[in-house]
Amino acid sequence: MHYNDYYKDVRQGLKQWYSKHARDLPWRVNTNSYGTWLSEIILQQTRMEVGVKKWFHIIASFPTVKHLADASEDQILKAWEGLGYYRRARFLHKAAKIINTNGEFPKSYIEWLKLPGVGSYTAAAISSISFNEAVAAVDGNVTRVISRLVGLKDPVNNSKGSKKINNIAKLLLDIENPGNHNQAMMELGALVCNPIKPKCHACPISKQCISSNNTELLNKIPLKVKTKKIQDVDLMWHLVRYKKFIVTIQFPSDGIWGNLWGFPNNKPSKDYFLKRRPLKPVVHLLTHKKIHANFFMWEAINKQALNDYAASINGKVIPVYDLKQLAMPRLITKHILPIISTL
DNA sequence: AAAGCGGGGTT
DNA sequence: AACCCAGCTTT
């Protein structure tokens with residue numbers, strides 16, 4: 001059989017299947033660039049169910065790109081709170097300002113790629129879905145589908161493997177209908193060709209797939225090179241208060257939880273603060289960090305001492321009650337705010 | 001090419 | 001405990 005026929009069969013199978021099984025995602029109703037763009041940024045490394053919720057929340061808070069552009073970064077981070085990878089929210093804000101200034105959304109893959117937070121996958125997804133541009137979008141789903149389809153022996157997370165995947169994705173692309181084709185590939189990866197126990201019996205392209213119903217291959221492919229060990233990290237945060245006021249600081253923009261709010265690790269002077277009990281340590285798991293967070297509660301001897309301490313560390317004094325208005329890491333909102341709010 | 005960035009679900 | 005999720009940016 002000729003390769004062209006092979007690709008054609010895959011395209012046909014996908015198209016047929018997607019026409020029946022496409023999920024009813026909110027941004028597939030009344031499609032517009034804003035909703036599509038927002039969905040793609042939210043869904044980067046984020047599961048669909050979580051992403052859909054956040055999409056509704058952000059659409060409600062910022063109905064148009066202008067609302068987003070005119071908002072403060074703190075407001076956007078607050079709306080993003082809990083979703084993780086907070087740079088995405090800051091890039092979203094920057095991109096919104098650019099789009100708002102330009103007066104319109106980008107109209108091509110190349111133009112989308114220039115926006116902050118938009119890489120090759122996102123630019124391809126948006127431009128194919130919104131403008132029917134014939135570019136292949138390759139995400140984790142597509143990588144899995146293609147690597148199994150052809151029985152790829154290379155690791156998919158090195159340059160050689162990902163180049164092969166991208167080349168095959170281009171050959172497979174339905175240039176008449178790239179938006180639906182890209183979404184069909186992803187949908188298949190999400191619903192049928194899932195990581196564990198894929199449903200080959202329900203797959204429209206199992207005839208063309210080298211790994212189909214082959215447990216050994218399916219367990220091995222997609223092959224990935226070394227995963228980093230989880231590292232233990234110790235954090236020490238000081239909850240420094242005077243009556244109903246507390247000191248909070250903003251995390252540096254280039255690190256973890258960039259521009260979110262939290263508590264200082266600077267120990268206050270014993271001359272002006274009475275040390276209270278340490279709080280129960282919190283263990284918080286991230287993808288490649290195991291964070292052991294320790295907290296100490298301090299009470300200032302007067303308001304001036306609190307203000308001076310805050311000033312010395314570039315922190316902010318706010319009523320405890322207002323903490324919930326700031327965007328904070330899950331570690332804090334989950335384990336610390338419930339304790340502090342009872343004080 | 002590799003590191004860093006979140007949080008949570010699933011197995 | 002390990003893997004995965006509609007990845008991107010920086011070094």
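Chain letters run A, B, ... following the sequence lines, proteins first, then strands; residues in each count from 1. Values below: every heavy atom of this structure, side chains too, minus hydrogens, waters and symmetry copies.
Residue A:Leu25 is classed as a base contact, given a heavy-atom separation below 4.0 Å to a base. As judged by a 4.0 angstrom heavy-atom cut-off over every strand, A:Val50 is placed among residues making no nucleic acid contact. Contacts of A:Ile230 with the nucleic acid, taken as non-hydrogen atoms under 4.0 Å apart, are absent. Backbone-only contact: A:Arg330 has heavy atoms under 4.0 Å from sugar-phosphate atoms and none from a base. Within 4.0 Å (heavy atoms only), A:Ser39 reaches no atom of the nucleic acid at all. Among the heavy atoms of the strands, none lies under 4.0 Å from A:Gly51. As judged by a 4.0 angstrom heavy-atom cut-off over every strand, A:Lys289 is placed among residues touching the sugar-phosphate backbone only. Residue A:His284 is classed as a sugar-phosphate contact, given heavy-atom separations below 4.0 Å to backbone atoms only.
Rounding to whole angstrom units, CD1 of residue A:Ile129 and P of C:dA6 are separated by 13 Å. Per the geometry, CG belonging to A:Asn180 stands 18 Å off P belonging to C:dA6, to the nearest Å. Rounded to whole Å, the distance from CH2 on A:Trp27 to C1' on C:dA6 is 8 Å. Between A:Asp232 atom CG and C:dA1 atom P the separation is 11 Å, expressed in whole Å. Rounded to an integer number of Å, the gap from CD of A:Gln44 to C1' of C:dT9 is 11 Å. Atom CD of A:Gln231 and atom P of C:dA2 are 14 Å apart (whole Å). The CG atom of A:Asn194 sits 13 Å away from the C1' atom of C:dC3 (whole-angstrom rounding). Between A:Leu43 atom CG and C:dC4 atom P the separation is 19 Å, expressed in whole Å.
Comparing A:Met328 and A:Ile196, the nucleotide of DNA chain B nearest to each residue sits closer to the 5' end for A:Met328. In terms of position along DNA chain C, the nucleotide closest to A:Arg47 lies nearer the 5' end than the nucleotide closest to the other residue of the pair A:Gly117 and A:Arg47. Both A:Arg23 and A:Lys290 lie near DNA chain C, and the one whose nearest nucleotide falls closer to the 5' end is A:Lys290. In terms of position along DNA chain B, the nucleotide closest to A:Ser159 lies nearer the 5' end than the nucleotide closest to the other residue of the pair A:Leu260 and A:Ser159.
Counting heavy atoms of neighbouring residues, nucleotides and ligands inside a 6.0 Å radius, atom NZ of A:Lys170 does not exceed 12 of them. Counted within 6.0 Å of CG on A:Asp271, heavy atoms from surrounding residues, nucleotides or ligands total more than 12; the atom is thus considered enclosed.
For the pair A:Thr122 and C:dC8, the criterion of a side-chain N or O lying under 4.0 Å from OP1 or OP2 is met. One finds a side-chain N or O of A:Gln45 lying less than 4.0 angstrom from the OP1 or OP2 phosphate oxygen of C:dG7. Using a 4.0 Å cut-off, no side-chain N or O of A:Lys224 falls inside it from OP1 or OP2 of C:dA2. Regarding contacts with the backbone of C:dC5, a side-chain N or O of A:Arg144 is found under 4.0 angstrom from either OP1 or OP2.
Tracing side-chain contacts under 4.5 Å through hydrophobic residues (I, L, V, M, F, W, Y), one never reaches A:Leu171 starting from A:Leu173; they form parts of separate clusters. Hydrophobic cluster membership differs between A:Ile339 and A:Tyr321, with clusters built from Ile, Leu, Val, Met, Phe, Trp and Tyr side chains linked at under 4.5 angstrom. Hydrophobic clustering, with ILVMFWY side chains joined whenever heavy atoms are under 4.5 angstrom apart, keeps A:Val142 apart from A:Ile221.
On the P atoms, C:dC8 is 23 Å away from B:dG8, given to the nearest whole Å. B:dG6 and C:dT11 have their P atoms separated by 16 Å, with the value rounded to a whole Å. Nucleotides C:dC4 and B:dC5 are separated by 16 Å at their C1' atoms, to the nearest Å. C:dC3 and B:dA3: their P atoms are spaced 16 Å apart (whole Å). Distance check on atom C1': B:dG7 versus C:dT10 gives 22 Å, rounded to whole Å.
Cation-pi geometry between A:Lys267 and A:Trp298 is not met at under 6.0 angstrom from the ring centre and within 45 degrees of the axis.
Mapping heavy-atom proximity under 4.0 Å, the span of DNA chain B touched by chain A runs 5' to 3' from B:dA1 to B:dG9.
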Subject >> Evaluation steps, side-chain contact (heavy atoms from CB on, under 4.5 Å), between A:Asn194 and A:Lys199 >> reply: CA-CA 8 Å; A:Asn194 40 319; A:Lys199 305 169 181 66; 3.5 Å; yes
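Using cut-offs of 30° and 60° for the angle between ring planes, the A:Trp37 and A:Trp112 rings count as tilted.
What you find for A:Phe62 and A:Ala79 is that their closest heavy atoms are CE1-CB, 3.8 Å.
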